[in-house]
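Everything quoted here is computed from the prediction, not taken from an experiment.
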2 protein chains.
Amino acid sequence: MHTGEAMAVKGGGDEHDRGRDTRSRLRELALKLFAEQGYEKTSLREIAERLGVTKAALYYYFKSKEDIVRSLVEDYVAELDELIAWGKAQPATAATRAEIVRGYLHIVASGTEVFRMLHQNQAAVASLASAKERGELIRERMDALTDLLTEPAGTLRDQVRAASCLMSVSYCCMRFHDRVASAAELEKAVLDVALELADAAPADAPA
Amino acid sequence: MHTGEAMAVKGGGDEHDRGRDTRSRLRELALKLFAEQGYEKTSLREIAERLGVTKAALYYYFKSKEDIVRSLVEDYVAELDELIAWGKAQPATAATRAEIVRGYLHIVASGTEVFRMLHQNQAAVASLASAKERGELIRERMDALTDLLTEPAGTLRDQVRAASCLMSVSYCCMRFHDRVASAAELEKAVLDVALELADAAPADAPA
DNA sequence: GTCTATAGACGGATAGAC
DNA sequence: GTCTATCCGTCTATAGAC
C-alpha cells in the first residue's frame with residue numbers, strides 16, 4: 001500500500017529490540033514520542049538514548065530532525081493528494097462525496113499514529129520548512145477536501161457539515177483507536193456518522 | 001462574563017500600542033503568538049522585543065512562561081467545569097444534551113483564540129506541569145462532556161456522534177472564525193450541525 | 001516597573017576516528 | 001554504521017542596579 005517507507009506501528013513493543021535495523025526502530029520510536037510528548041519536547045538525545053545509540057548515529061539516517069517527520073508523513077500526504085486529484089475529476093454527486101469520505105477514512109485509518117502526531121503538533125509541524133515549501137501539508141489538503149464535499153453553491157451550514165465530517169473521521173479514528181475492540185467496528189461507526197454529515201440532507205434544520 | 005483575567009482579543013491590533021498596561025498587552029500578544037506560531041516556537045525574547053521591553057520585565061508579571069498559559073486558559077477551564085457539573089446534576093434527557101451543546105458552543109465562541117491555541121499546541125500544552133496537576137486540562141473535560149452527551153447504554157456509534165459533535169463545535173468555530181461575515185451566523189450554523197449530532201437519531205443508518 | 005548582565009542548561013548539528 | 005568530542009546557538013530564569 002505504501003511505497004516502502006511507512007510501516008505498521010507495533011503496539012506495545014518498546015525500544016529494546018536491537019534485532020531490527022536501526023532505521024526502522026528509529027522511525028517507529030520517533031513517531032511514538034512525537035505523538036505522545038510532542039515534536040519539540042522530544043529531543044534527538046532522548047531518541048538516541050532509548051534506541052541505545054548516540055545522537056550522531058541518527059544523522060547517518062536522516063539529515064535533520066525535521067527530515068524524520070518528513071519521512072513519516074510523506075506517504076500519507078501523497079495519498080491525500082491522490083484522493084483530491086481523483087475527486088476533482090469526478091462529477092460532483094452525492095455518490096462521489098461518499099466515495100471521498102470512504103477514501104479519507106481509509107487513509108486515516110491506515111496511519112492513525114501519524115495523524116495523531118500531526119493533530120497533536122499542528123503548530124510545530126506547520127512551521128517546519130518542508131511544510132511551508134509543500135503548502136502547509138495538512139491545512140491545504142483539508143480545505144481542498146472540504147470543497148469537494150460541498151456543493152458549488154453551498155451555504156455556510158453545508159461547509160460546516162463538510163468540515164465536521166472530515167474532522168470527525170480523523171479525530172474519532174485517533175480518539176477511539178485504543179478504546180475499542182475491533183478496528184473494523186470503529187471504522188463502520190465512524191463511516192456511518194461521517195456519511196450522514198457528507199450527504200447534507202436538503203433542508204430540515206431540527207432546531 | 002469572566003473573572004477579570006480574560007479579555008477580548010483585539011482583531012487587527014498589533015503591539016505598537018504602548019498606551020495600555022504591559023500585563024494586558026503581554027497576555028494579548030502571547031496568546032496571538034502561541035496560537036500562530038506555537039507555544040515552543042515562541043520565545044520570551046520575541047514577546048519582549050515586540051512588546052518593547054526586555055525579557056526580565058516579563059518576569060515581573062508572570063513567574064514563568066508556563067504561567068502565562070495558565071493565566072490565559074484558567075477561566076475557560078473553569079467554565080467547562082461548571083458546565084460539566086451542571087450537566088451531571090441534570091436528568092439525562094435530549095433537552096439536557098441540547099443545553100450542554102449550547103453551553104459548550106457559548107464557551108468556545110467566547111474564547112476562540114484561546115481554544116485555537118489549545119488546539120494547535122495539544123502536545124506542548126499537555127506536557128505542562130500545570131496541566132498534569134489539574135488533570136490534563138482539555139482531554140479529561142472532553143471525555144466528561146462526551147459521556148454527558150451519550151446515553152448510559154450508548155453504542156460505539158453514539159459515542160462517535162457525541163465526540164464528533166463536540167469536536168465539530170470547537171473546530172468549526174476556529175476554522176471559520178475569520179472566513180465569515182457575522183459571528184452569529186457562524187454560531188447558528190455550527191449549532192444546527194452539532195444539535196443534529198447530539199440528538200442521536202434512533203436508528204436510521206443511511207449506509 | 002524596567003533594565004543590564006549572566007548563569008546554566010539543553011538543543012541541533014558536524015568533524016573525523018574507528 | 002557507530003562512536004567521541006565539540007561547536008554554537010537559543011532558551012528559561014535570576015540577581016541586583018536604577
Side-chain angles (χ1 to χ4, degrees), chain A residues 5 15-31 33-34 36-73 117 121 123-133, chain B residues 15-31 33-34 36-72 117 121 123-133:
Chain A
E5 279 274 51
E15 53 277 4
H16 307 296
D17 44 356
R18 290 297 303 254
R20 283 194 355 279
D21 55 313
T22 304
R23 188 186 161 94
S24 295
R25 294 168 53 230
L26 167 47
R27 278 170 48 89
E28 194 171 314
L29 178 62
L31 176 56
L33 294 181
F34 290 164
E36 277 176 9
Q37 317 178 332
Y39 174 73
E40 325 248 17
K41 274 283 245 189
T42 304
S43 64
L44 296 182
R45 184 189 52 73
E46 177 175 8
I47 294 177
E49 262 174 24
R50 297 182 60 163
L51 228 41
V53 299
T54 61
K55 269 194 299 177
L58 308 187
Y59 283 91
Y60 175 79
Y61 299 99
F62 298 97
K63 71 174 196 293
S64 67
K65 184 182 183 185
E66 175 168 344
D67 194 43
I68 300 176
V69 173
R70 202 194 44 70
S71 143
L72 255 14
V73 164
M117 179 194 73
N121 294 282
V125 170
S127 60
L128 259 36
S130 52
K132 290 177 177 168
E133 289 162 19
Chain B
E15 53 276 4
H16 307 297
D17 45 355
R18 288 300 300 257
R20 282 192 358 277
D21 55 313
T22 303
R23 188 187 161 92
S24 294
R25 293 168 53 229
L26 167 47
R27 279 169 47 89
E28 194 171 313
L29 178 62
L31 176 56
L33 294 181
F34 290 163
E36 278 176 9
Q37 315 179 334
Y39 173 73
E40 326 246 18
K41 276 281 242 188
T42 304
S43 65
L44 296 182
R45 184 189 52 72
E46 177 175 8
I47 294 176
E49 261 173 24
R50 298 181 60 164
L51 229 40
V53 299
T54 62
K55 270 193 298 178
L58 309 186
Y59 283 91
Y60 175 80
Y61 298 100
F62 298 98
K63 69 174 198 294
S64 68
K65 186 183 181 184
E66 176 170 343
D67 193 44
I68 300 176
V69 174
R70 200 194 46 69
S71 143
L72 255 15
M117 178 194 74
N121 294 283
V125 170
S127 60
L128 259 36
S130 52
K132 291 178 176 167
E133 290 162 18

Side-chain touch A/L44/A/I68, heavy atoms, less than 4.5 angstrom: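 Yes, close enough: below the 4.5 Å cut-off.
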
Sub-4.5 Å side-chain heavy-atom contact between A/M117 and A/V73: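 A/M117 reaches A/V73 side chain to side chain.
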
Short side-chain N/O contact to D/dT4 OP1/OP2 from A/T54, under 4.0 Å: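 No, outside the criterion.
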
Distance-only donor-acceptor check, side chains B/D67 and B/S64, under 3.5 Å: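 No donor-acceptor contact under 3.5 Å links the two side chains.
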
Side-chain donor-acceptor pair present, B/S127, A/Q37, cut-off under 3.5 Å: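 Note: B/S127 and A/Q37 side chains miss the donor-acceptor criterion.
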
Scan nucleotides 11-18 of chain D against the protein and return all N/O pairs shorter than 3.5 Å with their distances rounded to 0.1 Å.
{"from": "D/dC11", "atom 1": "OP1", "to": "B/S43", "atom 2": "OG", "distance (Å)": "3.4"}
{"from": "D/dC11", "atom 1": "OP2", "to": "B/R45", "atom 2": "NE", "distance (Å)": "3.0"}
{"from": "D/dT12", "atom 1": "OP1", "to": "B/K65", "atom 2": "NZ", "distance (Å)": "3.0"}
{"from": "D/dT12", "atom 1": "OP2", "to": "B/L44", "atom 2": "N", "distance (Å)": "3.1"}
{"from": "D/dT12", "atom 1": "O4", "to": "B/K55", "atom 2": "NZ", "distance (Å)": "3.3"}
{"from": "D/dA13", "atom 1": "OP2", "to": "B/Y59", "atom 2": "OH", "distance (Å)": "3.0"}
{"from": "D/dA13", "atom 1": "OP2", "to": "B/K65", "atom 2": "N", "distance (Å)": "2.9"}
{"from": "D/dA13", "atom 1": "O5'", "to": "B/Y59", "atom 2": "OH", "distance (Å)": "3.4"}
{"from": "D/dA13", "atom 1": "N6", "to": "B/K55", "atom 2": "NZ", "distance (Å)": "3.3"}

Please report, rounded to the nearest Å, how far the [atom2] atom of [N] is from the [atom1] atom of [X].
X: A/F62; N: D/dG1; atom1: CZ; atom2: C1'; answer: 14 Å
X: A/Y60; N: D/dT4; atom1: OH; atom2: P; answer: 18 Å
X: B/R20; N: C/dG1; atom1: CZ; atom2: P; answer: 16 Å
X: B/E49; N: D/dT10; atom1: CD; atom2: C1'; answer: 13 Å

Residues B/R50 and B/E46 bridged, charged N to O under 4.0 Å: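 So B/R50 pairs with B/E46 through a salt bridge.
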
Side-chain donor or acceptor of A/K41 paired with backbone N/O of B/E40 under 3.5 Å: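 Side chain of A/K41 to backbone of B/E40: no pair is present.
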
